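Report on one structure; see the data block that follows.
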Amino acid sequence: MTVPIAKLSFWGVRGSTPTVDPATWRYGGNTPCLELIAPDGTQFILDCGTGLRMLGSRWAAPNGGKAPETQILVTHYHWDHIQGIPFFSPLYVENNEFHFYSFRSKYLGRDSLKQVFEAQMALPYFPVDMSAMNAKRKFKEVDGGDTFKVGENKITARWLNHPQGCLGFRIETPAGTVAYATDNEPGDPKLDESLRELAAGADIFINDAQFTPEQLETTRKGWGHSSWLEGVKVARHAGAKTLVLFHHDPDSTDRMVDSILRQAREEFDSVFAASEGMVITLGAPGDRVQAHMPGTRTGTRTALRREAQFHAKVCGVTEGGKDFEEETIVRDISLQGALISLKHLPRLQSELQVTMEAPGADGVQAMNLRGYVVRIDTGTEKGHVAVGVVFTD
Ligand SMILES: [Zn+2]
Ligand SMILES: [Zn+2]
């Protein structure tokens, strides 16, 4: 018997507008797009922000291409959740079939999402029109409170508190439950309850964390977004197991998101900050939730590297939350980061103190660097993991 496993990939995590500022590069600048592959092979896409283009360029049709059907759940019609649609190349391929789910907007009426497609590609906003989109597209209206099944998976939609409306989705798969609640602001008792219902006992609860708790109470009140602290409160109250902070503000630099994540981790055991390229596996034996960053877009691969050998002492926190200290040799280093071989398994997105012995004019000198764990791979040495860090100081 095979163990059911679901795989959740983050293709876009930034709120409001894409960012290309290098200071936001580590968490990523594409707007919301997630992909969930359920154990039965059903492929879900959550939102169509600019991250959708990246997904399209690495497209692997579900079910080995035999019956390429994909379920796309759209939370609402704000730009950052739809702007990837015209740039999603699988929509231009005849064999593909897409099932879109979204709500009837009172501003658009019937076939709201279909109208959004047409409007986005109308002259003079886009060079080709809808006739170029050859894939089959089916549109289904869902309303807050609806539940429906796709394959073995149960989907529940609930209204969230956001200007012009937004749906949150809960997807229950045999490997575990994912609750996706982007774009919501606390303060409406009925909709706050909807949010808790979506998150109830979820293995992964993805929540809007655009603003700081201070901003949320003052200058950003009424803007339709939430904070890490509200996410922690809901996760605790609803018994969610892992909280993912999502929809980062375009003005939040990586350092600011680091600080938000650090504060959230002081209050709740299992928290990650959504990061472009992050993959969370649900249902793997021994450990129900595993997050990792495959090495495709992290700095240690692309930056100018130097083969070197530095003795180093590394201090950090393990996946299980214990402090560790370990001596190792750093063999792969650049100005931005390093690949470090460790016996301990550090927690993804945690800080490592790396003290290296560097030869200087007056003999060997200690060099202290603060690294941030962006990636963990199986190491080449037996019993070791290869840990990619980005230096933040
Ligand atoms: Zn948004
Ligand atoms: Zn919005």
Side-chain angles (χ1 to χ4, degrees), residues 10-21 24 27-35 45-55 72-88 100-108 112-113 115-117 119-120 142-144 157-169 178-188 191-192 194-195 198-199 205-212 215-216 219-228 230-231 234 243-252 256-257 260 273-276 278:
F10 292 78
W11 296 93
V13 302
R14 188 68 55 178
S16 308
T17 184
T19 60
V20 289
D21 178 347
T24 62
Y27 287 98
N30 279 301
T31 53
C33 180
L34 274 63
E35 180 191 24
I45 292 174
L46 303 166
D47 274 334
C48 299
T50 58
L52 185 65
R53 187 180 70 86
M54 315 293 287
L55 197 171
I72 303 190
L73 311 177
V74 178
T75 59
H76 64 307
Y77 306 110
H78 285 160
W79 274 115
D80 50 328
H81 299 260
I82 56 163
Q83 66 200 144
I85 292 171
F87 303 96
F88 184 48
F100 288 91
Y101 303 81
S102 64
F103 65 88
R104 182 187 293 203
S105 162
K106 71 173 179 190
Y107 302 94
L108 297 168
S112 290
L113 189 60
Q115 291 186 52
V116 165
F117 266 70
Q120 279 187 321
V142 286
D143 202 346
R158 287 271 188 280
W159 288 115
L160 299 173
N161 188 27
H162 193 62
Q164 298 99 50
C166 178
L167 288 176
F169 293 106
V178 176
Y180 176 56
T182 185
D183 296 59
N184 72 85
E185 179 167 353
D188 178 309
L191 298 175
D192 288 352
S194 295
L195 180 62
L198 283 176
F205 168 45
I206 301 151
N207 194 52
D208 186 324
Q210 179 154 357
F211 301 138
T212 63
Q215 284 177 315
L216 190 59
T219 54
R220 297 290 184 262
K221 201 177 167 74
W223 287 40
H225 297 287
S226 193
S227 74
W228 67 265
E230 292 300 323
V234 175
L243 169 67
V244 179
L245 307 174
F246 189 72
H247 205 273
H248 308 307
D249 191 89
D251 288 332
S252 288
M256 288 155 83
V257 180
I260 285 170
S275 176
E276 221 170 271
M278 187 164 89

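One-based numbering along the sequence shown. Owing to the predicted nature of the structure, the values given are computational and were not obtained by experimental measurement. For ligands, and for the atoms within them, numbers begin at 1 and follow the listed sequence.
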(request) Can you sort out the partners of Asp192 under side-chain hydrogen bond (donor to acceptor under 3.5 Å, both in side chains), two or more places apart, ordered by chain and number? (result) none
Check whether [X] reaches the backbone of [Y] with its side chain - one donor and one acceptor, N or O, closer than 3.5 Å.
{"X": "Glu185", "Y": "Gly222", "value": "yes"}
{"X": "Gln120", "Y": "Ile82", "value": "yes"}
{"X": "Glu276", "Y": "Asn30", "value": "yes"}
{"X": "Tyr77", "Y": "Leu108", "value": "no"}

(message) Among Ser227, Ser252, Ser16, exactly one meets side-chain hydrogen bond (donor to acceptor under 3.5 Å, both in side chains) together with Gln210. Which residue is that?
(response) Ser16
(message) Check for me: within less than 2.8 Å of the Zn ion (ligand 2), which protein N/O/S atoms show up?
(response) His76 NE2, His78 ND1, His162 NE2, Asp183 OD2
